Number of protein chains: 2
Amino acid sequence: MGSSSLFLDTVTNKVDAKGRVSLPSDYRAILKNLSTDVVCYRSLTSPCIEGCTEDLLEKLAANMESSMDFFSNEQDELTNLIFGDAKRFPFDSTGRIVLSEKLLKHAQISDTAVFIGKGRKFQIWSPENWEKEEQRIRQAVLQKRPQLFLNNKGDN
Amino acid sequence: MGSSSLFLDTVTNKVDAKGRVSLPSDYRAILKNLSTDVVCYRSLTSPCIEGCTEDLLEKLAANMESSMDFFSNEQDELTNLIFGDAKRFPFDSTGRIVLSEKLLKHAQISDTAVFIGKGRKFQIWSPENWEKEEQRIRQAVLQKRPQLFLNNKGDN
DNA sequence: TTGATTCCCATAAAATCCCATGCTATACCA
DNA sequence: TGGTATAGCATGGGATTTTATGGGAATCAA
């Protein structure tokens, strides 16, 4: 059955006064499966929170080691940004994580969070920002590749 | 879950008159997990303290022995510099380490220390220096290659 | 002794756990 | 088919445990 490890779907959950949000249960299943934790960080390019498995970051770290870049400058800068901003968010027995002030502020989230599956990653948006973003994406897609829709009529 | 060994996040702690600082609890968990100590040394390139597990230095040493060509002489020298400067910093029962005058001075830290996770390593900065450094890095990285940031393909 | 270093205890604040409740979707049965 | 039982889930609130940090006693070195 569903032993996939892709973050999918769009789920809207409440954020309470303590910053607690239920992680979508599908996501939790993935994490249990891989026995890893979620890691979240501020998106570099959008007003949203980004998340992935700790696994993924481990791979990143391993890559950097094997490239023997213990002293490299460029890698240093990158790692500062990624690992310095990322934080583990283990979920409790009721399936919730506690988002930090820093993250909530960056994503302008007050009491509602929208989880957007993105495959290996996912994002967390405020409802308002996500609505705008979705519009923007849809338009961008339409403008860039109208042929996408002309060619594949039947299968969607 | 969390059996990972990545240093993450950014944590600000106080340094008291004796030079004592609480090591971030996540870091302590990692060290317990690997049953190894932290090792700290002066960064070769920045006004900050650098730290990692003793483990990692072991691996570095092993690499130097086994691969003749892989490491340049230059890197060998750098590594030796680090070994000469590095010192073990075991944490006490309340989770604190005692930073030496030498390290504090190099990082210009007086009464506040900022821990920056870097994956296999971490850094300790003064709040002022870190603020500047973060700005600098963000700009540098965004200009150079924003697409590098964990975006495997086109999913952002 | 004097100065420094290490250990131990105390406390407030913050993070985490635990239980209770209501809701939803699915399974089951008549 | 329709109606009900059941399991899983989201969410609220309070209790409990960790954590950060200050101060002092004990140990060690010169």
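Just so it is clear, the model here is predicted, and its values are computed rather than measured. Within every chain, numbering begins at 1; the chains are lettered A, B, ... in the order of the sequence lines, protein sequences first and strands thereafter.
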Review point. Got a donor-acceptor pair under 3.5 Å from the side chain of A/Arg28 to the base of D/dG8?
Key: no
Practice item. Answer yes or no: side-chain N or O of A/Lys14 and base N or O of D/dG12 forming a donor-acceptor pair under 3.5 Å. Key: no
Distance in angstrom units between [X] [atom1] and [N] [atom2], rounded:
{"X": "B/Ile97", "N": "D/dA20", "atom1": "CD1", "atom2": "P", "value": "12 Å"}
{"X": "B/Asp16", "N": "D/dG23", "atom1": "CG", "atom2": "C1'", "value": "10 Å"}
{"X": "B/Phe115", "N": "D/dT19", "atom1": "CZ", "atom2": "P", "value": "15 Å"}
{"X": "B/Arg20", "N": "D/dA20", "atom1": "CZ", "atom2": "P", "value": "14 Å"}
{"X": "B/Phe91", "N": "C/dC7", "atom1": "CZ", "atom2": "P", "value": "13 Å"}
{"X": "A/Leu99", "N": "C/dA14", "atom1": "CG", "atom2": "C1'", "value": "17 Å"}
{"X": "B/Asn13", "N": "D/dT18", "atom1": "CG", "atom2": "P", "value": "19 Å"}
{"X": "A/Asp26", "N": "C/dT24", "atom1": "CG", "atom2": "C1'", "value": "15 Å"}

Using a heavy-atom cut-off of under 4.0 Å over every strand shown, decide if [X] touches base, sugar-phosphate, or nothing.
{"X": "B/Ser93", "value": "nothing"}
{"X": "B/Ser25", "value": "sugar-phosphate"}
{"X": "B/Asp92", "value": "nothing"}

Practice item. Could you walk me through whether B/Glu77 and B/Leu81 pass the side-chain contact (heavy atoms from CB on, under 4.5 Å) test, one step at a time? Key: CA-CA 6 Å; B/Glu77 284 172 7; B/Leu81 256 189; over 6 Å; no
Exercise for review: Inspect the surroundings of CD in A/Glu134 and state if more than 12 heavy atoms from other residues, nucleotides or ligands are less than 6.0 Å away.
Suggested key: yes
Exercise for review: For the residue pair A/Phe7 and A/Phe122, categorise the inter-ring angle as parallel (less than 30°), tilted (30 to 60°) or perpendicular (more than 60°).
Suggested key: perpendicular
Review point. Does OP1 or OP2 of D/dG13 have a side-chain N or O of A/Arg96 closer than 4.0 Å?
Key: no
Check your understanding: Side chains of A/Glu128 and A/Trp130: is there a donor and an acceptor less than 3.5 Å apart?
Key -> no
Review point. Start at the 5' end of DNA chain D and walk down; is the nucleotide closest to A/Lys18 or to A/Thr94 reached first?
Key: A/Thr94
Exercise for review: Take A/Leu23 and A/Arg96 through the test side-chain contact (heavy atoms from CB on, under 4.5 Å) and record every step on the way to the result.
Suggested key: CA-CA 6 Å; A/Leu23 208 60; A/Arg96 284 180 289 195; over 6 Å; no
